[in-house]
Colleague: 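First the structure, then my questions, so here it is.
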Number of protein chains: 2
Amino acid sequence: MQDIKKRRSTGQITLFDVAKHAGVGAMTVSRALRTPERVSDKLRQKIQLSVQTLGYKPNVAASLLASASDNQVIAVVTDQIYDNSTHILLNTLQIQLAKQGYTTLIIEACHYYHRESQLLETLYNHNLKAIVLFYINNDALINQVIDNKAVPIINIGQQIDELDNAHIGLDDSLAMYVLTEHVIKKGYRHIGLLCANQQYQLFQQRLHGWHKAMLAYHLPTHRIINAAKPANFTTGSELLPDMLLNWPELDALICTTDELACGVLYECQRRHIRVPYQLAVSGFGNNEFSQVSFPTLTTVALPSKQIGQYTAAMLLNRLNKQLECAKPDLSTLVPVIQSRASL
Amino acid sequence: MQDIKKRRSTGQITLFDVAKHAGVGAMTVSRALRTPERVSDKLRQKIQLSVQTLGYKPNVAASLLASASDNQVIAVVTDQIYDNSTHILLNTLQIQLAKQGYTTLIIEACHYYHRESQLLETLYNHNLKAIVLFYINNDALINQVIDNKAVPIINIGQQIDELDNAHIGLDDSLAMYVLTEHVIKKGYRHIGLLCANQQYQLFQQRLHGWHKAMLAYHLPTHRIINAAKPANFTTGSELLPDMLLNWPELDALICTTDELACGVLYECQRRHIRVPYQLAVSGFGNNEFSQVSFPTLTTVALPSKQIGQYTAAMLLNRLNKQLECAKPDLSTLVPVIQSRASL
DNA sequence: ATTAACTTTGATAGCGCTATCACATTTCTA
DNA sequence: TAGAAATGTGATAGCGCTATCAAAGTTAAT
C-alpha cells in the first residue's frame with residue numbers, strides 16, 4: 001500500500017481515509033465508487049461499508065481535475081417559462097437527458113437582467129457540456145454563447161444565422177395558422193386577435209400565424225390588440241373591453257395564450273356575453289384549466305413532448321457521435337387542436 | 001523561474017502557458033487574476049495582455065481544489081415561479097446577492113419531477129455556498145437538503161421543524177386559521193374543506209389550520225375531502241359534486257389552493273349554483289387569476305414580497321457571520337386576506 | 001550608508017482524485 | 001500441466017491551481 005504523505009488536512013474525509021479504514025488501496029476505492037463492476041464483490045462491500053461509516057463525500061473538483069472529464073451538466077437558458085406547452089417541452093427534454101446521465105439546469109434569463117454574462121461565466125466555469133438557447137432574443141447573451149466555441153449549442157426558437165446548423169424552429173406560427181383556419185372553417189368571419197407580451201418572439205410568431213391565415217382567406221387583419229402586458233388572466237379580462245369597443249362586430253376572438261383566453265371568458269361572464277353564441281373564444285397552449293373552464297376552451301398546442309424528445313435526440317447526437325439516436329419523425333410534429341365548447 | 005515539468009497535456013491553456021508567455025512566474029499570474037492589487041501595474045498589464053492573446057480560461061475545478069474555497073454559487077430552489085411579484089422578488093434577491101459576488105441559480109423544481117435528488121446532487125457537487133428553499137413542499141427534496149449538513153439553508157414558506165432556525169415566513173396553518181375565522185365571522189356555519197395533494201405537508205398544515213379554527217368555534221369538522229389528486233382546476237371541478245352529495249347543507253367551501261377554488265367556481269357555473277349566495281368559496285395563495293375570476297375569489301396569502309426581501313439579508317448574514325444584521329420585523333409577516341366576491 | 005520595514009515575486013509542495021501501468025491473482029486454452 | 005488470457009489491485013505520477021514562505025526588490029528611517 002502506498003505511503004500516506006503528509007497532507008494539509010482540510011478536515012475533509014478523503015478517499016485515503018476510506019481506503020485506510022477498509023484496508024485497501026485508494027485506487028480500489030475510487031474504482032468501487034466510479035466503476036463498481038471492476039472491483040470484486042468482497043472488497044466492494046467492505047468499501048461501501050467504510051464509505052457509509054465515515055460519511056465520505058467525493059470531492060467533485062478533484063475528480064474533474066484528475067479525470068479531465070467534463071461535467072454532465074447541460075444548461076437550458078430561456079427568456080421565461082411562458083406556458084404549459086413550454087413547460088412540457090422542457091420537462092421532456094430534461095427527462096430524456098437524465099436517462100443518459102446528464103443533469104439539466106433550466107435557467108430563466110429574465111431573472112438575471114444585465115447579469116446574464118455573469119451567469120454564463122459561472123456555468124462555463126463548471127464545464128457544462130452543452131447549452132440550449134430557448135427563445136432567447138438577448139443579443140448580448142447570444143453573442144457570448146456563440147463566442148465560446150468549446151460548448152455545443154442548440155438553438156430553439158428564432159433563427160440565428162451563426163447557429164443555423166443547430167436550430168430547431170418551433171413553428172408556433174403554423175400552429176396559429178391551423179387554429180385560425182379552424183375558426184374560419186367554423187364559419188366565423190370577424191375574427192380578432194389578442195396578443196400580450198408582444199416583445200417576445202414566441203408571441204410574435206403566433207400573431208404572424210393568425211395574420212397569414214386571415215390574409216389567405218381575404219379577411220381583415222386589423223382587429224388586433226398587441227399589448228406589452230403579461231400574458232395572464234388579468235390582461236385577458238382587461239383587454240376584452242377594448243376589443244369590443246373597437247370592433248363591435250367581432251364574432252370570434254383568438255388569444256395567444258390560454259390564460260388570456262380564460263381571462264376573456266371571465267370578462268364575458270361579467271358582461272353577460274354568451275360564449276360561443278355571441279363571441280367565440282380560443283386560446284393557445286392547451287393548459288390544464290382549459291378543459292374545465294366555463295365554458296371549456298378550444299385551444300391549440302404544438303406536440304411539446306415530441307419536440308422535447310426531438311431536441312434531446314439532437315443534443316445527444318451532437319454530444320455522443322457514436323450513440324445511436326432514434327430521430328423522431330418530423331411529420332408527427334404537427335399542431336393539435338383541442339376543440340371545446342368555447343368555439 | 002520554476003521548471004515546467006512534463007505534463008499530460010489536456011490541450012487546455014494553463015496558467016503556466018500564460019506565465020511563460022508573459023515571462024513571469026505562475027504564481028504571479030494567479031495573483032494578477034485573483035488579487036490584482038497585490039501585483040505591480042507593469043506585470044499586471046503584461047499578464048492581462050497574455051491572457052487575452054492566449055484566450056486563457058481558468059479551470060475552476062483546479063482552483064477550488066487548490067484553495068479549498070467554496071464556490072460563490074447560491075441556489076434558489078422553488079416549486080414554481082407563480083407571478084410577477086414573485087418574479088420581482090427573486091430578481092431582487094438575486095441582485096442583492098450579486099452585489100456580494102454571488103451568482104444565484106434560480107431553479108424551478110417542478111421541471112424535475114422525481115429527479116430533484118439528481119439535481120441537488122449536481123448542485124452539491126459544485127460546492128454551492130447556500131441553498132434557499134422557496135415554497136418547496138416536496139418532502140423528499142426537503143429531506144435531502146436537510147441531510148446535507150454542510151450547506152447553509154434558508155427555508156422560505158412552510159415551517160420545517162429541522163430548519164427552524166433558518167426559517168422565514170409563517171405557518172400555513174395560521175394563515176388558514178385566520179381565513180377560516182374570517183369565513184365564520186361572515187356568518188357561515190356549514191363550512192367544508194377541499195384539500196388535494198394530501199401527501200404534502202404544506203397542504204396538511206392548511207387542513208390543520210381549518211380544523212383548529214372549526215374546533216375553536218365549536219363547528220363540525222367532518223365536512224372534508226382530502227384527496228391525493230393534484231391541486232389543480234380539474235380536481236376542484238371533479239370533487240365539488242362529492243362535497244355537495246355528502247353535505248347538502250354546505251354554505252361555504254374553503255379550498256387549499258386557488259386552483260381548486262377556481263375549479264369549484266367553474267363547476268358551480270355548470271350547475272347553476274350561485275356564488276356566494278348558495279355557496280361561498282375561498283381559495284389560498286392569492287394567485288394572479290383570483291382577482292379576475294368570475295366571481296372574483298376570496299383568498300389568503302402570506303406576504304411573500306417582504307419575505308423575499310428579508311431573505312437576502314438573512315442569507316448574507318449567515319454567510320458572513322455578521323451578527324448586526326437588521327432583523328426582520330416579524331410583525332409585518334402576517335397573512336393577508338383578499339376579500340372578494342366569492343364569499 | 002545602514003538597518004528596519006514593507007512590497008513584490010517565484011519555487012515548492014500539495015489540494016483529492018484518477019490515468020496509467022506494473023504486478024498479482026484467477027480462469028481459460030491447448 | 002504449462003502457458004496464455006483475463007481479471008483484480010495498488011503504487012506512482014500528475015490534473016491546474018493556490019497556500020506558503022523564502023528571497024529579492026523597494027522605500028523609510030536612523
Side-chain angles (χ1 to χ4, degrees), chain A residues 1-47 51 54-71 125-127, chain B residues 1-47 50-51 54-71 125-127 150:
Chain A
M1 213 163 306
Q2 76 268 46
D3 58 328
I4 285 145
K5 288 179 283 189
K6 56 188 178 291
R7 323 185 117 246
R8 266 187 228 144
S9 175
T10 54
Q12 202 182 328
I13 295 154
T14 71
L15 265 187
F16 286 84
D17 298 324
V18 177
K20 207 161 61 178
H21 187 269
V24 298
M27 203 51 231
T28 307
V29 177
S30 175
R31 267 192 286 260
L33 296 172
R34 302 237 318 150
T35 52
E37 73 279 4
R38 301 179 69 89
V39 175
S40 65
D41 288 359
K42 211 180 69 182
L43 283 192
R44 180 152 25 85
Q45 278 166 26
K46 211 197 290 187
I47 288 167
V51 166
L54 298 175
Y56 168 74
K57 296 274 178 196
N59 180 324
V60 182
S63 173
L64 284 177
L65 182 58
S67 65
S69 81
D70 278 343
N71 216 337
N125 286 344
H126 288 92
N127 304 335
Chain B
M1 213 164 304
Q2 76 267 46
D3 58 328
I4 285 145
K5 287 179 283 189
K6 58 186 179 291
R7 322 185 120 247
R8 264 187 230 144
S9 175
T10 55
Q12 202 182 327
I13 294 153
T14 71
L15 264 187
F16 286 84
D17 298 324
V18 178
K20 207 162 61 180
H21 186 270
V24 298
M27 202 51 230
T28 308
V29 177
S30 176
R31 267 193 286 261
L33 296 172
R34 301 238 318 149
T35 52
E37 73 279 4
R38 301 178 69 87
V39 175
S40 65
D41 287 359
K42 210 180 69 183
L43 283 192
R44 180 153 23 85
Q45 279 166 26
K46 211 197 290 187
I47 288 166
S50 295
V51 166
L54 298 176
Y56 168 75
K57 296 276 177 194
N59 180 324
V60 181
S63 174
L64 285 176
L65 181 58
S67 66
S69 81
D70 280 341
N71 214 338
N125 286 346
H126 290 293
N127 304 338

Colleague: Rounding to a whole Å, what distance do you find between A/Arg38:CZ and C/dT20:C1'?
Modeller: 12 Å
Colleague: It should be established whether A/Ser30 places a side-chain nitrogen or oxygen under 4.0 Å from OP1 or OP2 of nucleotide C/dT18.
Modeller: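 A/Ser30 to C/dT18 OP1/OP2: side-chain N or O found under 4.0 Å.
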Colleague: Output all residues satisfying salt bridge (Lys or Arg N to Asp or Glu O under 4.0 Å) with A/Arg31, sequence neighbours left out; order by chain, then residue number.
Modeller: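 Scan of A/Arg31 (salt bridge (Lys or Arg N to Asp or Glu O under 4.0 Å), adjacent residues dropped) gives none.
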Colleague: Indicate the atoms forming the closest heavy-atom contact of A/Thr28 with A/Val39, along with that distance.
Modeller: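 A/Thr28 and A/Val39 have their closest heavy atoms at O-CG2, 4.0 Å.
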Colleague: By nearest atom, which of the nucleotides D/dT18, C/dT18, C/dG16 is closest to the A/Gln12 side chain?
Modeller: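 Nearest to the side-chain atoms of A/Gln12, counting from C-beta on, is C/dG16.
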Colleague: A/Ala66 has a side chain; which of C/dG10, D/dT18, D/dG14 sits nearest to it?
Modeller: D/dG14
Colleague: Considering only heavy atoms and no angle criterion, is a donor-acceptor pair shorter than 3.5 Å present between the side chain of A/Arg31 and the base of D/dG10?
Modeller: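 Present.
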Colleague: So which nucleotide from C/dA19, D/dT20, D/dC17 ends up closest to the side chain of B/Phe16?
Modeller: D/dC17
Colleague: Which nucleotide, C/dT9, C/dG16, C/dT18, lies nearest any side-chain atom of B/Val39?
Modeller: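 So the nucleotide nearest the side chain must be C/dT9.
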Colleague: I need the minimum non-hydrogen distance between A/Lys46 and A/Ala22, along with the two atoms involved.
Modeller: CD-O, 3.3 Å
Colleague: Between C/dC17, D/dC15, D/dC17, spot the one nearest the side chain of A/Leu15, thanks.
Modeller: C/dC17
Colleague: Is there a side-chain polar atom (N or O) of B/Thr28 under 4.0 Å from OP1 or OP2 of C/dG10?
Modeller: yes
Colleague: Rounded to whole angstrom units, what separation is found between the NZ atom of A/Lys57 and the C1' atom of C/dC15?
Modeller: 20 Å
Colleague: What is the distance from CG of B/Leu64 to P of C/dC17, rounded to the nearest Å?
Modeller: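 The answer, rounded to whole Å, is 14 Å.
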Colleague: At under 4.0 Å, does any side-chain N or O of B/Ser40 touch on OP1 or OP2 of C/dT8?
Modeller: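 No, B/Ser40 has no side-chain N/O under 4.0 Å of OP1/OP2 on C/dT8.
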Colleague: If you compare all heavy atoms of B/Leu15 against all heavy atoms of B/Val29, which two are closest, and at what distance to 0.1 Å?
Modeller: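 Nearest pair, atom of B/Leu15 first, then B/Val29: CD2-CG1, 3.0 Å.
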Colleague: If you only use heavy atoms from C-beta on, which nucleotide in D/dC17, C/dT18, D/dT20 is closest to the side chain of B/Asn59?
Modeller: D/dC17
